[in-house]
Amino acid sequence: MNDIQSNINELKKKIPLDVKLVAVTKLRSVDEIFQAYHSGHKIFGENRVQELLSKKDLLPDDIEWHIIGHLQSNKVKYIVPFISLIHSVDTYKLLKVINSEAVKVGKTVDCLLQFHIAQEETKFGFNIQEVTEMIMSDDFTMLKNIKIRGLMGMATFTLNDEQIRNEFKSLVNYYRILKNEYFKNDPDFREISMGMSSDFEIAIEEGSTMLRLGSIIFGKRNNINQ
Ligand SMILES: *Cc1c(COP(=O)(O)O)cnc(C)c1O
């Protein structure tokens, strides 16, 4: 067993069975992804459409691909035919584009609404007012080819655990509000995607259902801007 495989096996001991692990493969080679795949792992996440497309065809078909990074509207059409989950829906406009591309290929696309919970200004995402207005609007109910499965958020990159915990708590709070107000009878609305390599233990404690982990599996990335 190599490092990547033992990292995954060690992690799986720490992660409750009902919490999903998305192995984040940005800037990783096809060979590295294969190593993770051969440990039995099947759920992978990429940030960028271009990078995802260039790797996907070289890898097995039974991989469940997720997009976790900011998604441009003009790229949506390339991923809709095969993507399993889009974590990073951050505008109403983007959701509409996903819906219309999904109509074209006759499928329903699972989506998470990304909330802005960090203090950094660079992180994308909705606030609760924007989401409420979107859900209440007339055209929202017309979007038959998207399925809102839950929320996603990224905490501030900080060593302050208390701050990270509070940001995760705010995401869980938004989840509960939306669940109670609009998705009470929708069993598919149940995901909270939060937790990265540096903060996943806190995320689990606060109720994450999906962790997005890269460096703890594959080692440090060389490009610090990713
Ligand atoms: C890179 C990235 C991750 C994983 O980051 P690590 O710190 O390597 O675990 C998770 N989510 C998003 C949105 C990312 O861009």
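The basis for the numbers below is simple: all heavy atoms, side chains too, and nothing from hydrogens, waters or symmetry mates. Every value quoted in this text rests on a predicted model; they were computed, and no experiment measured them. Start at 1 and go down the list; that is how both ligands and their atoms are numbered.
Using a 4.0 Å cut-off between charged side-chain N and carboxylate O, Lys55 and Glu46 make a salt bridge. Using a 4.0 Å cut-off between charged side-chain N and carboxylate O, Glu10 and Lys14 make no salt bridge. Salt bridge annotation for Glu191-Lys20: present, with a cationic side-chain nitrogen under 4.0 angstrom from a carboxylate oxygen. The pair Glu206-Lys169 meets the salt-bridge criterion, since a charged nitrogen lies less than 4.0 angstrom from a carboxylate oxygen.
Under the rule for a side-chain hydrogen bond (donor to acceptor under 3.5 Å, both in side chains), the partners of His70 that lie at least two apart in sequence or sit in another chain are Asp90. For Phe189, the ring-ring contact (aromatic ring centres under 6.0 Å, His included) partners are Tyr175, Phe183, not counting sequence neighbours.
Near Met154, meaning under 4.0 Å from one of its heavy atoms, ligand 1 places the atoms 13 (C). Residue Ser197 has at least one heavy-atom neighbour below 4.0 Å for each of these atoms of ligand 1: 6 (P), 7 (O), 8 (O), 9 (O). Under a 4.0 Å criterion applied to the non-hydrogen atoms of Gly214, ligand 1 contributes the atoms 4 (C), 6 (P), 8 (O), 9 (O). In the vicinity of Arg212, heavy-atom distances shorter than 4.0 Å reach the ligand 1 atoms 4 (C), 9 (O), 10 (C), 11 (N), 12 (C), 13 (C). Listed by atom number, the atoms of ligand 1 under 4.0 Å from Leu213 heavy atoms are 9 (O).
Residue-level proximity to ligand 1 for Ile68 is carried by backbone and side chain together, each with a heavy atom below 4.0 angstrom. Within the 4.0 Å heavy-atom criterion, the part of Lys26 lying near ligand 1 is the side chain and not the backbone.
Distances shorter than 4.0 angstrom do not occur between any heavy atom of Ile216 and any atom of ligand 1.
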